[in-house]
Amino acid sequence: MPVPTPSDLISTIPDGRTANTWPTAPGACGADTLLPIVSSAPPAKHTGIQILLGGDRLRLVDFDSGQATTLPDAVVRPGEYAAVLAGDPVTAYATTESCDEAAPYAMVRISVDHRVSVIRPLGPTESPLTDGHRVWIASFASDIDNPYATIAPVTGGQRVRLPHGFYASAIAGDTIVGQMQPDPGISPTWLALVDARTGRLQAKLEQHVAPLAVGAGQVLWTSGCDDDASPCTLRRRSIAGGQTLGSPLPGPACCGVVSPDGTRMAFLIERTTTDSRYDGHPLPPMDIAIMRLDTGWLDIVPGIELPAKSQPGLAFAGHRDWLVIALNAGSRTRLLAWQPGLRQPYETNALPGPVHDPPTLVITSH
């Protein structure tokens, strides 16, 4: 559990009681980072987990031994941070960014022999999308003279124009998931699916919702979670079509990832009350949850309490039921792994260096 720094002052709340503020530590870009509250244990059995981790440098981490290897490169310069994406079995991709929001971004390729190279700059209206295997570059509508977004594979290929008012947020296979609002003045926002090969609209799923997670041929979202009159519900549908299925949720959720086999989803879920130890923090903390999608069964990862609005890195390690978690701890990144049945997550050696939120990681086999 982190020890509050000397700057963690006692605050007064409206009824006159005193309460500790949430513990913080200096983080990236001169900001203070709200720290996660963690109860963990060293790895007690072999996991076989290998991680490519972003941050102020790119590192390969063996979870079981805690050994980290910094990739030799001159790409991530001082003051910059790498956000790891994903890639095919022999190539991974990342982007660089800095505290200066006006500074240019770069698209980085990491080869199987761990050589790092910049393959292209990223413009202010460009953003990478990945399904864990391939990477695309989405270019968003910039002004009245360029009202259409486009998408193209990062490895080269045809640039496809997307429907008017469509904003891409994720991709799975050849299908883009995003929100569509053709006329900001009168039209509702739809969660929609678009064919990345043709730019044609495939389906409108529901109004006034955003995707929670996309992966393994599925799109998942929530509805009713901010409306007292409606139950909070997780909805999912195969991208190929078919019935939309629903499962109850105890509260608002965000930031989901789907397991490679499509049977589980990990995500953040808001607690119903604030932490009484930190009454000065007005928003409820969050838990990390894992849902079995076939039954709706929900597991809460024990021993991790996240401050509101923080976002960890989450990734499933193949088919071995392990969820790997990267937590921003200010001047270091904490790496944990959990599977059902453990009373608390395993934690390996923390990696020094600040990280530009959110932490990013990719499970790798090389």
Side-chain angles (χ1 to χ4, degrees), residues 1-8 10 19-27 32-47 49 51 53 55 61-66 68 250-251 253-257 264-281 283-291 297-317 320-352 354-355 357-359 361 363:
M1 180 177 295
V3 177
T5 65
S7 62
D8 293 327
I10 302 297
N20 292 311
T21 59
W22 198 283
T24 65
D32 284 338
T33 298
L34 294 171
L35 297 176
I37 309 299
V38 178
S39 175
S40 61
K45 62 181 178 180
H46 180 74
T47 69
I49 295 170
I51 301 162
L53 182 71
V61 182
D62 180 271
F63 187 89
D64 294 322
S65 68
C254 78
C255 319
V257 296
R264 292 160 292 145
M265 178 182 64
F267 57 99
L268 306 185
I269 191 162
E270 186 178 289
R271 293 187 179 182
T272 56
T273 60
T274 58
D275 189 324
S276 61
R277 296 172 298 174
Y278 306 105
D279 285 339
H281 197 65
L283 298 175
M286 296 182 294
D287 287 311
I288 300 174
I290 300 176
M291 177 179 281
W297 180 266
L298 196 66
D299 282 311
I300 301 297
V301 177
I304 301 177
E305 181 179 353
L306 300 175
K309 298 187 180 300
S310 66
Q311 186 177 342
L314 301 175
F316 284 98
R320 293 167 288 179
D321 285 339
W322 288 105
L323 175 68
V324 184
I325 303 159
L327 301 177
N328 182 359
S331 61
R332 59 198 181 119
T333 300
R334 300 178 70 173
L335 288 175
L336 302 98
W338 184 82
Q339 64 179 184
L342 290 182
R343 297 181 62 182
Q344 57 187 167
Y346 291 161
E347 182 168 7
T348 190
N349 298 337
L351 279 299
V355 58
D357 266 340
L361 74 159
I363 305 301

Sidechain-backbone polar pair: Asp64 side chain, Thr47 backbone, donor-acceptor under 3.5 Å: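 Such a contact is found between Asp64 side chain and Thr47 backbone.
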Answer yes or no: is there a side-chain heavy-atom contact under 4.5 Å between [X] and [Y]?
{"X": "Leu314", "Y": "Ile325", "value": "yes"}
{"X": "Ser331", "Y": "Thr33", "value": "no"}
{"X": "Leu335", "Y": "Ile49", "value": "no"}
{"X": "Leu53", "Y": "Val355", "value": "no"}
{"X": "Leu342", "Y": "Trp322", "value": "yes"}
{"X": "Ile288", "Y": "Leu268", "value": "yes"}
{"X": "Asp299", "Y": "Trp297", "value": "yes"}

[atom1]-[atom2] distance between [X] and [Y], expressed to the nearest 0.5 angstrom:
{"X": "Leu351", "Y": "Thr333", "atom1": "CG", "atom2": "OG1", "result": "6.5 Å"}
{"X": "Phe63", "Y": "Ile51", "atom1": "CZ", "atom2": "CD1", "result": "6.5 Å"}
{"X": "Met291", "Y": "Arg264", "atom1": "CE", "atom2": "CZ", "result": "13.5 Å"}

Please list, one pair per line, the donor and acceptor atoms closer than 3.5 Å that link side chains of residues 304-313 to other protein atoms, with sequence neighbours excluded.
residue: Glu305; atom: OE1; partner: Arg277; partner atom: NH2; Å: 3.0
residue: Ser310; atom: OG; partner: Pro307; partner atom: O; Å: 2.7

